[in-house]
2 protein chains.
Amino acid sequence: MACTETDTKEHIFKIAAQLFAEKGFNGVSMRELSEQSGVSKPTIYYYFGSKEGIYRALLEAGIEHTQADVARIRALNLSVHDELVVIIKEKFRDCREYPEFSKFFISVHMSIEKLTFINDFKQRSDEPMMKLEQLLQRGVESGEFRSDIDIKMAADLLGSTILFHIWRLMESKAANDSDQLAEKIVDTLCNGLRK
Amino acid sequence: MACTETDTKEHIFKIAAQLFAEKGFNGVSMRELSEQSGVSKPTIYYYFGSKEGIYRALLEAGIEHTQADVARIRALNLSVHDELVVIIKEKFRDCREYPEFSKFFISVHMSIEKLTFINDFKQRSDEPMMKLEQLLQRGVESGEFRSDIDIKMAADLLGSTILFHIWRLMESKAANDSDQLAEKIVDTLCNGLRK
DNA sequence: AGATGTATACCGAACGGTAGGTAAGGTTCT
DNA sequence: AGAACCTTACCTACCGTTCGGTATACATCT
């Protein structure tokens, strides 16, 4: 989750993530970004070309990071229940490790602000939900879950709850026990409410 | 879900909801709003005082509407399972009946865009989640649900999924069978996944 | 060693354009 | 006449972006 370039560029990158996350694309001005990062406006243009350029760079970095995460966890070959727990734990860990970037991604994902240039990102952001469905399907096939469950619905429940908790985690800087939280989420869904 | 004033005001109100929902507060200009609603800029200022004024008016109208909904449903005295289903159905119905306003509210609720003047709205928007917790608590007390369930977690699962589905409903104008969807959501949570 | 050339990293000032907002003045209705 | 409603014309502040430059550093030629 980095920019792999000079210090200055990386610094701008990080501040941009913070500002965009807080105020959205249209809420941040280049002047503000330049003041907050302590460089001149032209310097930002030197590195990123345009306002849109910074935003896109942030998106790209995030997508790459997420894809790597998912592949690594899949390779561990856990039970579905455990893989779900690990996926959620890993998401929460990212939030602690890269709060600015995590906050930025969740804001992009949530915001309705229609920015024409993030359409393909939004499309790619459906992939995690598909992965969840595949995972649950595997749970049914292996006998871990009942075969009468509605996989799409369960994936929605899970996916939206993960988003929601990341969002809440990012808003209130509370030092939650996020590992326990991850287990609770999965258990609550797996066990249901009924007697 | 109305403005209870003149036609012109109501018309501006509706267009504003559409635009804010699509582009966020900072993404909409007063010029655009005036062009789209077919009145001059000063007319908008005549009715709403400021850009912030329109936004606030939309928020107020929405809060009132939601509170009325919840109270009415509570008075029906249903089982917890059924009350949950009805609440969700009612939300979905609103989305069909007042798509502009529903889309606006969901966008406010979801977006991280920090607009200082909507802080008290965001605070009040926690109330529905609290209502859900109370409802689930009632379910435990009446014996409808197991006593070992994590109420907060279940409320989060449910609340975030409702938000998510409304959001999805609003994005893809698909004519979903939302009544069936409401039942599926509640059933999936109530019955769990495990064998 | 010193002069010259060139690339990188940055900045102050200014561009055309648009933002939110208003002053002043017509209509229309009562 | 006066209140309610709505417009044209205009304001200032700020927007994203670019221009024209500077400082440094390293390579090349003499």
Side-chain angles (χ1 to χ4, degrees), chain A residues 2-60 104 107-108 111-119, chain B residues 2-60 104 107-108 111 113-118:
Chain A
C3 187
T4 69
E5 306 261 348
T6 68
D7 280 355
T8 305
K9 185 170 183 182
E10 184 114 15
H11 181 63
I12 297 170
F13 203 61
K14 194 165 173 177
I15 303 285
Q18 268 167 358
L19 290 178
F20 282 136
E22 271 172 34
K23 313 190 184 201
F25 184 78
N26 286 307
V28 179
S29 74
M30 295 304 268
R31 183 175 61 86
E32 188 176 6
L33 177 54
S34 90
E35 278 168 9
Q36 291 289 326
S37 36
V39 301
S40 68
K41 272 198 290 176
T43 300
I44 303 175
Y45 280 85
Y46 174 76
Y47 283 114
F48 297 97
S50 67
K51 189 180 179 184
E52 188 178 319
I54 315 174
Y55 206 86
R56 295 186 94 106
L58 283 166
L59 289 178
E60 282 308 321
F104 171 75
S107 79
V108 174
S111 115
I112 306 222
E113 199 180 19
K114 270 215 178 97
L115 308 168
T116 49
F117 60 91
I118 63 165
N119 278 0
Chain B
C3 189
T4 69
E5 306 262 347
T6 69
D7 278 357
T8 305
K9 185 171 184 183
E10 185 114 12
H11 181 63
I12 298 170
F13 202 63
K14 193 165 173 175
I15 303 288
Q18 266 167 0
L19 291 178
F20 281 136
E22 269 172 35
K23 315 193 185 196
F25 184 78
N26 286 307
V28 179
S29 72
M30 295 303 270
R31 177 206 302 259
E32 188 177 4
L33 177 53
S34 90
E35 277 168 8
Q36 291 290 325
S37 38
V39 300
S40 67
K41 263 199 305 173
T43 302
I44 303 174
Y45 281 87
Y46 174 75
Y47 283 114
F48 297 98
S50 68
K51 189 179 181 184
E52 189 179 319
I54 314 175
Y55 206 84
R56 295 187 94 107
L58 283 166
L59 290 178
E60 284 306 322
F104 171 75
S107 78
V108 174
S111 97
E113 199 181 17
K114 271 215 177 99
L115 307 168
T116 49
F117 59 90
I118 63 165

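In the text below, chain A, chain B and the rest are named by the order of the sequence lines, each starting its count at 1. Not measured: the values here are computed from a predicted model.
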Would you please confirm or rule out a distance under 4.0 Å between OP1 or OP2 of dC6(D) and any side-chain N or O of Tyr47(B)? yes
Please report, rounded to the nearest Å, how far the C1' atom of dA14(C) is from the NZ atom of Lys41(A). 10 Å
Out of dT22(C), dC6(D), dC15(D), whichever nucleotide has its closest atom nearest the side chain of Arg31(A): dC15(D)
Answer yes or no on whether Lys51(A) is positioned over the face of Phe20(A), meaning its NZ or CZ is under 6.0 Å from the six-membered ring centre and within 45° of the axis. no
With a 4.0 Å limit, can you tell me whether Thr43(A) has a side-chain N or O closer than that to the phosphate oxygens OP1/OP2 of dC10(C)? no
Between dC5(D) atom P and Glu10(B) atom CD, what is the distance in whole Å? 14 Å
Under 4.0 angstrom between Thr8(B) side-chain N/O and dC6(D) OP1 or OP2: yes
Calculate the interatomic distance between Lys9(B) atom NZ and dC6(D) atom P; express it in whole Å. 12 Å
Whole Å only: how far is the CD atom of Glu32(A) from the C1' atom of dG16(D)? 14 Å
Integer-rounded Å distance: dG16(D) P and Tyr55(A) OH: 14 Å
Rounding to a whole Å, what distance do you find between Leu33(B):CG and dT18(C):P? 17 Å
Looking only at side-chain atoms of Ser29(B), point me to the closest of dG12(C), dA19(C), dC5(D). dA19(C)
Which heavy atom in Ser34(B) sits nearest to a heavy atom in Ser40(B), and how many Å separate them? CB-C, 3.9 Å
Might you point out which heavy atoms bring Leu19(A) and Leu33(A) nearest each other, and give the distance in Å? CD1-CA, 3.8 Å
To the nearest angstrom, the CD-P distance between Glu35(B) and dT18(C) comes to 11 Å
Closest to the side chain of Val39(B), out of dT7(D), dG21(C), dC10(C), is dT7(D)
Could one point to a donor on the side chain of Lys51(B) or the base of dG21(C) with an acceptor on the other under 3.5 Å away? no
Tyr46(A): which residues meet the ring pair (Phe, Tyr, Trp, His ring centres under 6.0 Å) condition with it, sequence neighbours left out? none
From the candidates dG12(C), dG20(C), dA9(D), the one with an atom nearest any side-chain atom of Pro42(B) is dA9(D)
Could you state the CD1-P distance from Ile44(B) to dG21(C), rounded to the nearest angstrom? 11 Å
Look at the side chain of Tyr45(B) and decide which nucleotide, out of dG20(C), dA23(C), dA9(C), has an atom nearest to it. dG20(C)
Scanning both residues in full, the closest heavy-atom pair of Lys23(B) with Glu32(B) reads NZ-OE2, 2.6 Å
If only side-chain N and O atoms of Tyr46(A) are considered, is one of them under 4.0 Å from the OP1 or OP2 phosphate oxygen of dA9(C)? yes
